[in-house]
Amino acid sequence: MKTKKLTVAQAILAFLKNQYSGRDGEEYQFFAGCAGIFGHGNLAGFGQALQQSPDFPYIMVRNEQAAVHMAAGYAKMKNRLSTFACTSSIGPGATNMISGAAAATINRLPVLLLPGDIFAQRTVAPVLQQLESPFSQDLSVNDCFKPVSKYWDRIYRPEQILTSLPEVMRVLTSPSNTGTVTLSVPQDVQTEAYDFPVELFEKRVWHIPRPAADRQAMNRAVEWIKSSSSPIIIAGGGVLYSEAENELSAFIENTGIPVMETFAGKGSLPYNHPLNLGAAGATGTEGANFYSQRADLVIGIGTRYSDFTTASKTAFQNQSVKFININIAEFDAYKQSALALTGDARTILEELSEALKGYETEDSYQKEALRFNRDWDQKVEAAYTPDSKGLPSQSEVIGAVNTFSDPEDVLVCASGSLPGDLHKLWRTRNSKGFHLEYGYSCMGYEFPGALGVKLAAPEREVYVMLGDGGYLMMPSEIITSLQENYKLTVILINNHGFASIGGLSRSIGGEGFGTDYKFRNLETGQLDGEKLPVDLATNAESLGASVFRTDDIPSFKKALADAKREVKTTVIYIETVAERKMAGYGHAWWDVPIAEVSESDSVNEARLNYLEKKKKQRHFL
Ligand SMILES: Cc1ncc(C[n+]2csc(CCOP(=O)(O)OP(=O)(O)O)c2C)c(N)n1
Ligand SMILES: [Mg+2]
């Protein structure tokens, strides 16, 4: 047997460099490189191996969480066909990655984490940053990755990677099971050498399948669709990951079934497609909510049925509503007690189109969808149009960015009040143009996620929209974008606190408690004093970004044009009024439980209202 003597870290990198994904006859290098931060727990192992592998780029970030978000943003933009590996030291460096790991797993995006771990030898325990346990020595902080990983392993002996690495790749490239993969490598093991069989380092292509669904289930689905009078489609992220946009268009153009889109699925159709009802669920449009209330058949494609999508299970009120789920993941395909079409969205849509030849919904049903589409666009236009009084509202800012941007540009966002507004208002003209991390809605995703997008598609302009709260979670990654020379155009919306959570607080009778960025007021003892005089624009400037300070829509529009000419990361700063937000439409609702007993009348009133709404919740068993 031919072997090559390498350290474990060197061997893992040599393996990763030769992994490819393959789909539809194309091959893609699966790892674009490695991102992370060095400490004593990975410096001499992965650090050394990366240093002698200049063909495997190393990207230094400022917070390990950012490395994971960057990998996830990259993977999402690449439709999960490639990603980054992430390296960290032991202890806090490792645990900083947990939020990123959860975000990637929830969003079904492949990322590989290689946290350092405490010595396998144990001779010098407890080492710096070691979590000691009185009942077991087989425990470290890296065990915290288990619930947020789709595959988790710890390498105590070099030869263990021979069985672990193929599992790592199987899970990462599995469209039904992908998410975070964590391979903990103790700091001593990283540096140990072993004679690895050379086959480990040969090129491997992991074929990503496009399986068809079960024949019987398909037949039944065709019958169900044929006998439905008011069907509706929910397009989720799976439509995009499967690259099934054209097949979806063809399917609805033949069958006349209207579509509503989730956060991850927005962009499946252009915004002005006559059968596109727009945003689904709690942040949904009037048309989407109207159609879903009466639908007798819901065809979910690549959706997880999150509470935002189902308006916390109040979106579907037809007493005989049934569900058909097209999903590569069996786990999702069975949700809502659906008829499960487990398989690839593109393949299944093609087959359904063929089998449904001759079937079409009523003309009036389709015309009504068109009317909703056009009416909604007028609402969007009105929301985009400045009303010229005082500070602009967020929707005017969204309008300015959307109108200025090119169809190929990408919008990135994750948290705050922006996602809901964008879901309703962004006119998507390109299937990869709307990049929302709304599975975990992780404040801080914005900069590193956007950097991942830009790394994946450097030819596209990337617009990051975020609030002051989101900004303060991870402004440090502006520096990483400058270091890598990848430009982001950042729209920083300052409303002096958490407008989203403040609004939610008011809606539950909580009066916005703890959601404004204000001084502690010595009279009230609360955080309701003067506004804190933090200058976020200067903060961004000090990190190296170009900054445009704007105070109204005309100056904001000018800044967008100026920013386009900049070559490095540029921040456009604007203040908006927190109170003027987009309302919920139709039957949109989100279940946020209200205190059952309270000393406040407004809370008690909100509780009664809540119980009323709760009555509409349905369980599909
Ligand atoms: C890491 C993290 N912590 C807390 C939350 C809960 N949360 C959601 S939105 C939000 C406030 C966001 O503030 P900002 O970015 O200023 O946006 P705004 O609400 O003002 O639009 C908070 C605290 C979250 N989503 N992520
Ligand atoms: Mg804010």
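Values below: all heavy atoms of this structure, side chains included; hydrogens, waters and symmetry mates excluded. Positions are given from 1 along the sequence. Counting starts at 1 for both ligands and their atoms, in listed order.
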Is there side-chain contact between [X] and [Y], with heavy atoms separated by less than 4.5 Å?
X: Leu436; Y: His423; value: no
X: Lys568; Y: Ser546; value: yes
X: Thr576; Y: Asn494; value: no
X: Leu492; Y: Ile574; value: no
X: Val380; Y: Asp377; value: yes
X: Val592; Y: Leu504; value: yes
X: Glu575; Y: Tyr573; value: yes

I'd like to know if [X] contacts ligand 1, where contact means a heavy-atom distance under 4.0 Å to any ligand atom.
X: Leu466; result: no
X: Gly444; result: no
X: Ala414; result: no

With only distance considered, is [X] within less than 3.5 Å of ligand 1 through an N or O on each side?
X: Ser417; value: yes
X: Gly470; value: yes
X: Gly469; value: yes
X: Gln394; value: no

In terms of residue, atom name and distance, what is the protein heavy atom nearest to atom 18 (P) of ligand 1?
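Of every protein heavy atom, Ala499 N, 3.5 Å lies nearest to atom 18 (P) of ligand 1.
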Should the pair Trp589 and Tyr610 be assigned to parallel (<30°), tilted (30 to 60°) or perpendicular (>60°) ring geometry?
tilted
Going by the angle between their ring planes, with limits at 30° and 60°, are Phe38 and Tyr58 parallel, tilted or perpendicular?
parallel
salt_bridge(Lys379, Glu286) N-O dist < 4.0 Å
yes
Under the 3.5 angstrom rule, does the side chain of Ser149 hit a backbone N or O of Lys146 as a donor-acceptor pair?
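The answer is no, because no donor-acceptor pair under 3.5 Å joins these two groups.
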List-wise, which protein N, O or S atoms are found short of 2.8 Å from the Mg ion (ligand 2)?
Asp468 OD1, Asn495 OD1, Gly497 O
Which option wins on minimum heavy-atom distance to atom 11 (C) of ligand 1: Tyr471, Phe498, Tyr517, Tyr445?
Phe498
Minimum non-hydrogen distance to atom 24 (C) of ligand 1, winning option of Met473, Met443, Gln65:
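Looking at heavy atoms only, Met443 sits closest to atom 24 (C) of ligand 1.
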